[in-house]
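In what follows, a single structure is set out as structure tokens and then discussed.
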Amino acid sequence: VQLQASGGGLVQPGGSLRLSCVASGFIFSIKTVGWYRQVPGKERELVTSINSEFRVNSADSVKGRFTIYRNNAKNTVYLQMDSLKPEDTAVYYCNILPPSLNWGQGTQVTVSS
């Protein structure tokens, strides 16, 4: 199982970013995949997920601001992040649920003015 996230960067509060994650090594279309994030000194947390039937679950902290969607033909899952807040600053990872041991490098998102 391999998933590689990309698309992070520096953005001002209220701004937007779109993250991408390309998967390989498993049958992507049948797996629930999610976006996780981690800040130094804290546990990694599940932000949002989408299952094989395109059903979405999201943490309360991102509901209405973050949108997860997937393209099974491209083995890719996306995270559209709008109305970003400084507290969204973290390293973002993608992984299946339950997560595999291979977390990849993640992508840094920094929300700051």
Side-chain angles (χ1 to χ4, degrees):
V1 173
Q2 289 193 334
L3 300 101
Q4 184 57 54
S6 62
L10 173 64
V11 63
Q12 292 186 343
S16 298
L17 277 176
R18 189 182 79 157
L19 307 183
S20 300
C21 172
V22 180
S24 61
F26 63 101
I27 303 174
F28 179 78
S29 61
I30 66 172
K31 286 290 190 179
T32 297
V33 290
W35 286 95
Y36 301 74
R37 66 186 180 188
Q38 187 172 27
V39 297
K42 292 190 175 182
E43 293 288 323
R44 188 177 286 132
E45 64 169 342
L46 177 62
V47 175
T48 185
S49 64
I50 184 168
N51 70 7
S52 60
E53 297 177 346
F54 296 87
R55 188 170 301 164
V56 172
N57 281 299
S58 298
D60 288 343
S61 59
V62 304
K63 282 181 179 176
R65 300 190 299 120
F66 290 12
T67 304
I68 185 172
Y69 57 104
R70 65 193 297 166
N71 184 330
N72 289 338
K74 295 184 177 181
N75 281 8
T76 302
V77 60
Y78 303 92
L79 182 64
Q80 177 66 41
M81 304 186 294
D82 299 315
S83 302
L84 281 161
K85 304 176 181 180
E87 51 263 44
D88 295 317
T89 295
V91 178
Y92 284 71
Y93 303 85
C94 54
N95 209 328
I96 59 175
L97 275 73
S100 75
L101 296 177
N102 187 2
W103 283 96
Q105 293 186 339
T107 187
Q108 176 71 47
V109 172
T110 302
V111 184
S112 174
S113 55

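What you are looking at is a predicted structure, and each value in this text was computed from that prediction instead of being measured.
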(message) One pair to check against side-chain contact (heavy atoms from CB on, under 4.5 Å): S49 and N51. What are the steps and the verdict?
(response) CA-CA 7 Å; S49 64; N51 70 7; over 6 Å; no
(request) List the steps, then state whether side-chain contact (heavy atoms from CB on, under 4.5 Å) holds for W103 with R44. (result) CA-CA 11 Å; W103 283 96; R44 188 177 286 132; 3.0 Å; yes
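In this structure E53 satisfies the salt bridge (charged side-chain N to carboxylate O under 4.0 Å, His left out) test together with R55, sequence neighbours excluded. Residues satisfying the salt bridge (charged side-chain N to carboxylate O under 4.0 Å, His left out) test with K63, not counting sequence neighbours, are D60. Residues forming a ring pair (Phe, Tyr, Trp, His ring centres under 6.0 Å) with F66 (at least two apart in sequence, or on another chain): none. Partners of S61 under the side-chain contact (heavy atoms from CB on, under 4.5 Å) rule, at least two apart in sequence or in another chain, are R37, A59.
In the hydrophobic cluster analysis, where Ile, Leu, Val, Met, Phe, Trp and Tyr join through side-chain heavy atoms closer than 4.5 angstrom, L97 is grouped apart from L79.
Residues A90 and V39 approach most closely at CB-CG1, 3.6 Å, considering heavy atoms.
When only modelled atom types and interatomic distance are considered, T76 and N71 share no side-chain donor-acceptor pair under 3.5 Å. Using modelled atom types and a 3.5 Å distance limit, the side chains of N95 and S100 yield a donor-acceptor pair.
Exactly one residue among V109, V62, D88 makes a side-chain contact (heavy atoms from CB on, under 4.5 Å) with M81. That residue is V109.
The number of heavy atoms from other shown groups lying within 6.0 Å of CD (E43) does not exceed 12.
E45 places none of its side-chain heavy atoms less than 4.5 Å from the side chain of Y36.
For residues 42-63, no pair satisfies ring pair (Phe, Tyr, Trp, His ring centres under 6.0 Å), with sequence neighbours left out.
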Donor-acceptor pairs under 3.5 Å, side chain of residues 17-33 to any protein atom, not counting sequence neighbours: which ones?
unit_1: R18; atom_1: NH1; unit_2: Y69; atom_2: OH; d: 3.1

